[in-house]
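Here's the structure, in structure tokens; my notes come after.
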Amino acid sequence: MATLKVENVHTHFGGVRAVDGVDLNVKDGEFLVLLGASGSGKTTLMRTIAGLEKLTSGNVLIGGEVVNHLPPNSRNIAMVFQSYALYPHKSVFRNISFPLEAVRTERAAIKEKVEWAAGLFGIGHLLARKPRALSGGERQRVALARALVREPNLFLLDEPLSNLDAKLRHSARHELKKLHQRIGITTIYVTHDQVEAMGLGERVAVMNHGKIEQIGAPSDIYRSPANTFVARFMGSPAMNLLETGSETIGFHPENFLPSSHFEASTGAQHFEFHVSGVEDLGSDLLLYGSVPSAKPVTEEGVNESGAVIAKIPARLAGTIEAGQQHDFFIQPAFINRFDRATGQRLSAGPA
Amino acid sequence: MSAPSAQSRAGSGPNQTLLAVLMLAPAVVFIVALVGVPFGLAVYYSVHDVTTGGTTPRWVGLGNFADLLSDRTFLTALRNTVLFTFSTLVVVLILSTIQAELLMRNFRGKWLVRFLLLLPWTAPAALGLIGWLWMLDSVFSPIDWVLRQVGLLGRPGAALGALPNLYWLGDRTLAIVSVILVNVWRLLPLATVIVLAGLNSIPRDVVEQSRIDRAGYMRRLFDITLPMLSPILLVAILFTFVFTFGDMINIFILTRGGPANSTQVLPSLAFFTGILGGNLGKGAAIAMFLFPVLAGISALLLRLIRRSEVTI
């Protein structure tokens, strides 16, 4: 177990600045999520920490020691790849025991540790199988067991849940969190899924163009995004962004509510909402529409339809239908204000 | 052929069958004419007493084969065929794995090295071999010249003898070494390309995972790379084996089987006996010895490849 410190790290490939000046301070035992779209540099940052990519400048410190020039096999880290990268010609037992064999562990100790790790993930009955005879979820467990079998300083996970189906992903996420609480190894987790990031991370670092846009507790990032990029990334559906005068205001769809369900109307901002479409998700209704008083921020690839979205609990929805016009309100505390030109947050909270 | 009818567009009917037959025909005709007919003829000749001048083949049963087993030249050729093939195989496998492993790395001028390594394969065999004939010449050999210049050859007390030349193709042992050397030179590029393809097919994640798992170079090579490479190594073995075992152009150009038939192999002996010597029956019988070995080993290797296929 160890701390991880990343100091002004750059990793360039030719002219491409994949990681472009990142600073990170990860506490011993912390669970940090790197969140970003594909191409944001999150995987390259992780690979740089692992030593699989050579950094162009800056320092990576594991446990206070600069490891820039150490090859991956000398960093005592464990990593789970998105593909799990199991050794296809080895049995599950030999897959898990491989990291122990590599550091010349006694045979009796190997057996004991492999059985411990397999027990941790409930794969004790699969030890004799080859990876190709395993399901996706079982493969993931083998990869995790292999990563944990020798106590690493640092645990790196590269989108380990993205190859699982939705239902399995849900329970795997829960288990991963419990596991971290139990073993407490410093963990860096890369994902593009903000729901995963919110659910798992003690802290989340949102990356874009090789830089960290914002780092903080998931709920802070969700409630008070540092700029419009982060705002667009958080929430499902994402935060609504509207241009009003010199400002861009942002609010989450679940805070945009019809007057009939609005309790404290004191100071709440009013919008006339033209509903153009309704999506019933069972638990919630998603209302798509437009606000005549403000123009939505659109960008290529992001919110191209320019719709404003409201998410209201289905049991409170009443009789809202497409084509109707309703009065909607937002509590001032839920409104984020950004500079229209720079996209940066204007204040910690509304006045 | 007529324009596509509604029937053929639907994917069935006589037009489709005709098309299939027409498409297959060239391959079938080719194989029958160039493989089937000569093979049938060889089987026929091997059990008859036939000469190039004779008009009436006489049935001798297994007589030709029985004669061969007491023929010392034939036994030498049989031994040489096995010796050349296995020596070439071992050296090619080791060198091609090393070469491919080096070619996987990034370095300046990689394309030039790749180009040079592939050259022996792209050059016509006869041309390359004539080059080697000069390299191994009894008087003008540049190899000997280099050895003389560094003092290993051509003066009293020198490590390789006082004579001015080694007579690469004139000495029994050296001739055998030379033939193996040239075989390796010819087959190394193909094997390297095959192994290189195999190395490229190993997922990068798996190799990186083994580095993260603290495996050093040797452990990665023997525990990860080679096992995952094994199916493709068997392909390289198969190709090298078939090309060496059935090849005679090397011997024909370099030594003509000499000195004193000491480098004769089965294909060259079959050619010298059957075509140049005119004894078609005996030549065919010599060639027939190649068939069961080639067929058996090919079948075995194909089975091994299928069994050891490494997939996830």
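Note that the coordinates shown come from a computational prediction; the quantities given were computed from them, not determined experimentally. Order of the sequence lines fixes the chain letters, A, B, ..., with proteins taken first and strands second; residue numbering starts at 1 for each chain.
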Against chain A, label B/Arg219 side chain, backbone, both or neither, depending on which of its atoms sit under 4.5 Å from a heavy atom there. side chain
Give a yes-or-no answer on whether the side chains of A/Tyr87 and B/Asp213 include a donor-acceptor pair shorter than 3.5 Å. yes
Flag yes if more than 12 heavy atoms outside [X] fall under 6.0 Å of its [atom1] atom; otherwise flag no.
X        : atom1 : answer
A/Phe93  : CZ    : yes
A/His125 : NE2   : yes
A/Glu175 : CD    : yes
A/Phe13  : CZ    : yes
A/Lys5   : NZ    : no
A/Glu112 : CD    : no
B/Lys110 : NZ    : yes

Between [atom1] of [X] and [atom2] of [Y], what distance do you get to the nearest 0.5 Å?
X        : Y        : atom1 : atom2 : result
A/Met79  : B/Asp205 : CE    : CG    : 8.0 Å
A/Phe81  : B/Glu208 : CZ    : CD    : 4.5 Å
B/Arg211 : A/Asn73  : CZ    : CG    : 6.5 Å
A/His89  : B/Asp223 : NE2   : CG    : 6.0 Å

In A/Ile77, A/Val103, A/Leu100, the residue satisfying side chain to side chain contact (heavy atoms under 4.5 Å, CB included) with B/Arg214 is A/Val103
Closest heavy-atom contact between B/Val206 and A/Leu86? CG2-O, 3.8 Å
Looking only at A/Arg150, A/Lys130, A/Gln82, most heavy-atom pairs under 4.5 Å shared with chain B are made by A/Arg150
Answer with side chain, backbone, both or neither: which region of A/Asn76 has an atom nearer than 4.5 Å to a non-hydrogen atom of chain B? both
